[in-house]
Amino acid sequence: MAVEFRLLGDVEARVGGRPVDLGHARQRTVLAALLVEANRTVPVDQLLYRVWDEQSPQRARSALYSYLSRLRRCLVEADGVAISRQSGGYLLTVSPSAVDLHHFRHLIGQARSAGDEQALALLEEALGLWRGEAFAELDTPWLNSLRETLAQERFGAELERAEAALRLGQHARMLPELSALARHHPLDERLAGQLMLALYRSGRQADALAHYQRTRQLLVDELGTDPGPALQARQRQILDAEPSLDPPPTLVEPTSTRAPVPRQLPARPPLFIGRSAELVALTAPDDTRLWVICGTGGVGKTWLVSRWAHDNLWRFPDGQLWVNLRGFEPAATAVPPSAAVRGILDSLGVPASSVPTDLDAQIGLYRSLVAEKRMLIVLDNARDAEQVRPLLPGGPGCLVLVTSRNQMAGLVATEAARSLTLDLLTADESRALLAGRLGIERVSAEPEAVDRIVAGCARLSLALAVVAARAASHPGFPLADLAAELHDPDGALDAFDSGDPLLDVRAALSWSYRAISPPAARVFRLLGLHPGPDISVPAVASLAGLPVNRVRPLLAELSRAHLIAEQSPGRYACHDLLRAYATELGQADDPEPERHRALRRLIEHYLHTAYRAAQLLDPHRDPIDPEPPGRDVVVERPDDYETAMGWLTAEHSVLVAVIGQAAEHGFDGQAWQLAWCMVTYFDRRAHRHDRLATQHAALASASRLGDLPMQAISHRDLARAYTLLGRYPDAHRHLGEAFDLLGLLGDHVGQAHTHLNLSMVYQQQGELHDAIRHDLLSLELYRATGHQSGEANALNNAGWHYAQVGDYPQALDYCEKALVLHEEIGNRVGEANTWDSLGFVHHHTGDYTRAAACFQHAIELARELGTRYGEAEALHHLGDTRLAGGDPVAARTAWQQARMILTDIGHPEAEEVAAKLDSSEPL
């Protein structure tokens, strides 16, 4: 049978597509040492050194011969593989293409002599072979040294891939990857030059030059040297906007003018047994566009869907969406349709500024975007039909797969869904699953013990996977002993649910849990306190009160035992049954005061990291003053806007859940502060419903605390959420509550903020004179209290509203004063907004030259800040001004640039700009 060896990650072997049990770490090290030198003789002394270094035990040679004998037996069915004794050493014969390390090096060599397009394809194939660090779970001095060498080879391939992609004009696709690489390799000048080029080609010249300055400073600080000639030349080229930096016109990346294609499938299941009839049913050619795959928890519904999806990727060229609806996770609230459809719109590349406020409108936008596409949409772990219906597309080209413990009869009756009930594995399939993990020889040697294990696991996929992981980690344990331990009545626990066949599964989980080390077991129990859906390493460290470097090996231990899974690098999740089990273990074994302290550490981790991120998003917002974090709390420290936004995006679902959890467990102060931290992020990403929900929770917490200032801020933030949702009576009511509280407190700054919020409500209602009145009231209060940031915002607001009613002298006066103040305090966002307001005023007074200059300032600031919509809006306005000033050619240039950006970010305003371009088509 065909063989496949994997060294670029955990050391693994597959024969005929099935994993081979390679034994313990020392034995796998012997195999790795031979595979690295495949088809070359490795002297015995060299093998001993590579496995034991210079501290080899007295019987090392005997142990080595034993390991080699076992490896021969492991690989007896592998075609073309032999381990033979040679003069002075051992030789492993194998096709180089069967070893990922050698295949990687072969592809790199081919790429270096190929044209750009073929080279890029070869390099991407080569890099796709990597699954993590080479020899990830092994630890010897020789392997550690080789691992570092291979990491450098991988990095070199990544740089060559980026070079080829940039030559092909694919700067937009490479920009996120180059940014991530630069964070890990800040001193690499070749990488710095590539990132600068990608930024420059993306219209971010200022960011490219800023990256050069950061790299130069790092080189000076760390190495005492300036950048080399190549990087200095790249800086000069960008400063001079040399045409040589422009992408090749015929090779510009096609994705630059359309939304990204979502590819959200989880990893392909590594060991999949049976289910052939179900796979055939899902593939059968008919008109079914909606399937409901139902069955008990842990039976393998998600694995079935994931396996089928990976086998049928070619059917869905427009992408795959995967939404975990968390319908049955005991420690988390089911995802409401509003949150699910908002996440789908994010995945489809819809910018926050283009997301409608109304849920029905969001659903309509989602359905419009996928109407003509061929996509796979997986709605995993759904609770009921009402949770699913809003997420069903309207077009015929999409296939929807729903997994649930419920049969979803409503969808079958009203949506023409087909139902597929997933039963337990058969006894033969269960034995095959164990054989695939433990090896045929081991399973065949103890058939009665295997039958007892299958019975003890109730033929449930999840339980069998947990037991197999335990047995694989102890290859010397007789399976009979493991079966006896599994059936130990003292280890059996009650069933999770009386309707599920989980009585024996509980025993399996208990048995696996007792096999891990006490520190890992404590971490597992504490994970039951986390609301899900996933958790980062720093959050686990805070929960456990341990340093990150002590938590990582414990998480690796839990992952090896299949009690958790690494969903993405550095983020872990566990099945809902395992989460429930961890919760119950914690309630039974850990004293309540200890659990309370752990939960407090977890909440403080999220609060203080979110506060740091919120300050980066809006440094001019009035700060709050959280208590310092506890000594054992790990606080992440994003260092720029992009990192802060990335962290908040990754933790979005977790943070919403933690706010509710904090309030539920009596941490009202932290719940309120965490909701405060999320306001700017929710605004930037247009998560209006989340803002509304979290501020309701914040107001409840503030009320329980009896804290009037907190209550006033929550009323004001709720009013802002209602304004954005178009619910103006609710907005007025909450602003009235805020005014009453602020009057009692004598808080004039808070009153000024509230007047400014009220002005925005009136603007949305079209009552501009009332808006101006509240702008001026806020301005008076800001000036009286010396609040410069608020004063500048109020001046710009008033100027904009005066311009809307045609009072241009007043508008000009207020906007100019706003600009001066924004410049004094360094509020760059405020400056950009005010330059755009000034351009609007000058345009409507007929001073097109000054208007164009103002819009140009707004464009330059937007580019520096990386606000693409702001840049496009100012370009759009600039085009209007150029046309009014009698320069239709310049107008078309500005509109074309605006349309390109708006199309790239998927903004509907692109159609308006396109219409102007069509109407101004030269004769």
Side-chain angles (χ1 to χ4, degrees), residues 326 328-333 490-497 506 509-510 512-514 516-547 550-551 554-555 557-558 563-564 572-609 626-635 654-675 697-698 700-706:
R326 308 207 302 272
F328 293 91
E329 292 188 12
T333 304
D490 294 333
L493 303 174
D494 296 334
F496 284 115
D497 299 302
R506 212 32 118 66
L509 299 181
S510 167
S512 184
Y513 166 75
R514 285 180 291 164
I516 60 179
S517 67
R522 174 176 174 268
V523 169
F524 178 67
R525 295 194 304 271
L526 291 175
L527 286 173
L529 294 171
H530 191 269
D534 55 7
I535 186 169
S536 67
V537 175
V540 178
S542 298
L543 184 64
L546 296 171
R550 289 183 57 189
V551 162
L554 300 179
L555 290 171
E557 183 179 350
L558 292 174
L563 292 172
I564 61 173
Y572 291 83
C574 63
H575 190 280
D576 52 356
L577 301 183
L578 290 164
R579 189 189 301 279
Y581 182 47
T583 301
E584 293 185 5
L585 283 173
Q587 291 171 345
D589 297 348
D590 295 328
E592 184 56 35
E594 181 179 339
R595 287 165 54 80
H596 184 82
R597 288 191 295 271
L599 183 57
R600 184 185 191 94
R601 290 192 299 268
L602 180 72
I603 293 168
E604 288 184 356
H605 159 78
Y606 287 117
L607 169 59
H608 287 277
T609 307
E627 291 184 7
R631 181 171 52 87
D632 294 328
V633 175
V634 177
V635 179
V654 177
L655 290 164
V656 171
V658 168
I659 290 169
Q661 186 182 34
E664 179 185 348
H665 288 84
F667 297 100
D668 282 313
Q670 291 91 334
W672 185 91
Q673 291 168 340
L674 195 48
S701 289
S703 300
R704 284 191 293 270
L705 292 169

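The shown structure was predicted, so the numbers you read here are calculated from the model rather than taken from an experiment.
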Q: Test V540 against Y572 for side chain to side chain contact (heavy atoms under 4.5 Å, CB included), laying out the working first.
A: CA-CA 9 Å; V540 178; Y572 291 83; 5.6 Å; no

Q.
Does V654 form a side chain to side chain contact (heavy atoms under 4.5 Å, CB included) with I535? I'd like the steps, not just the answer.
A. CA-CA 8 Å; V654 177; I535 186 169; over 6 Å; no

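Enclosure of atom CD in Q587 by more than 12 non-hydrogen atoms of other residues, nucleotides or ligands within 6.0 angstrom is indicated.
Atoms CZ and NE2, on R600 and H605 in that order, are 16.0 Å from each other to the nearest 0.5 Å. Separating the CD atom in Q670 from the CG atom in L607 is a distance of 6.5 Å, to the nearest 0.5 Å. One distance of note links OG1 of T583 with CG of L526; it measures 10.5 Å at 0.5 Å rounding. With values rounded to the nearest 0.5 angstrom, L655 atom CG is found 9.0 Å from T609 atom OG1.
Evaluation of the salt bridge (Lys or Arg N to Asp or Glu O under 4.0 Å) test over residues 527-537, restricted to residues two or more places apart or in two chains, returns D534-R571.
In this view, R595 satisfies the side chain to side chain donor-acceptor pair (under 3.5 Å) rule with no residue, not counting sequence neighbours. For D632, the salt bridge (Lys or Arg N to Asp or Glu O under 4.0 Å) test picks out no residue, with sequence neighbours left out. Taking the side chain to side chain donor-acceptor pair (under 3.5 Å) definition, one finds that Q673 meets it with nothing, sequence neighbours left out. Legend: residues meeting salt bridge (Lys or Arg N to Asp or Glu O under 4.0 Å) with E594, ordered by chain and number and at least two apart, are R522. Taking R550 as the reference, nothing meets the salt bridge (Lys or Arg N to Asp or Glu O under 4.0 Å) condition, with sequence neighbours excluded. Among residues two or more places apart in sequence or in another chain, the side chain to side chain donor-acceptor pair (under 3.5 Å) test is passed with D590 by R525. Every residue two or more places apart in sequence or in another chain that forms a side-chain contact (heavy atoms from CB on, under 4.5 Å) with A541 is listed here: V548, V551, V634. For H665, the side-chain contact (heavy atoms from CB on, under 4.5 Å) partners at least two apart in sequence or on another chain are L599, Q661, F667. Listed by chain and residue number, A662, A663, S701 satisfy the side-chain contact (heavy atoms from CB on, under 4.5 Å) test with A671 (two or more places apart in sequence, or in another chain). Considering only residues two or more places apart in sequence or on other chains, P518 meets the side-chain contact (heavy atoms from CB on, under 4.5 Å) condition with none of them.
Side-chain atoms of E557 come within 3.5 Å of backbone atoms of S517 as a donor-acceptor pair (strictly under, hydrogens ignored). Using a distance-only test at 3.5 Å, with no hydrogens or angles considered, no donor-acceptor pair links the side chain of E604 to the main chain of V633.
Nearest heavy-atom pair across I659 and A697 is CG2-CB, 4.2 Å. Considering every non-hydrogen atom in both A702 and W672, the closest pair reads CB-CD1, 3.9 Å. Considering all non-hydrogen atoms of both residues, G669 and L705 come closest at N-CD1, 3.6 Å. The two atoms that bring L674 and Y606 nearest to each other are CD1-O, 3.7 Å, heavy atoms only. Across all non-hydrogen atoms, the minimal contact from A544 to R601 is C-NH2, 3.6 Å. Contact detail for A539 and L602: the closest heavy-atom pair is O-CD1, 3.8 Å.
Side chains of P626 and H608 form a contact here, defined as non-hydrogen atoms less than 4.5 Å apart.
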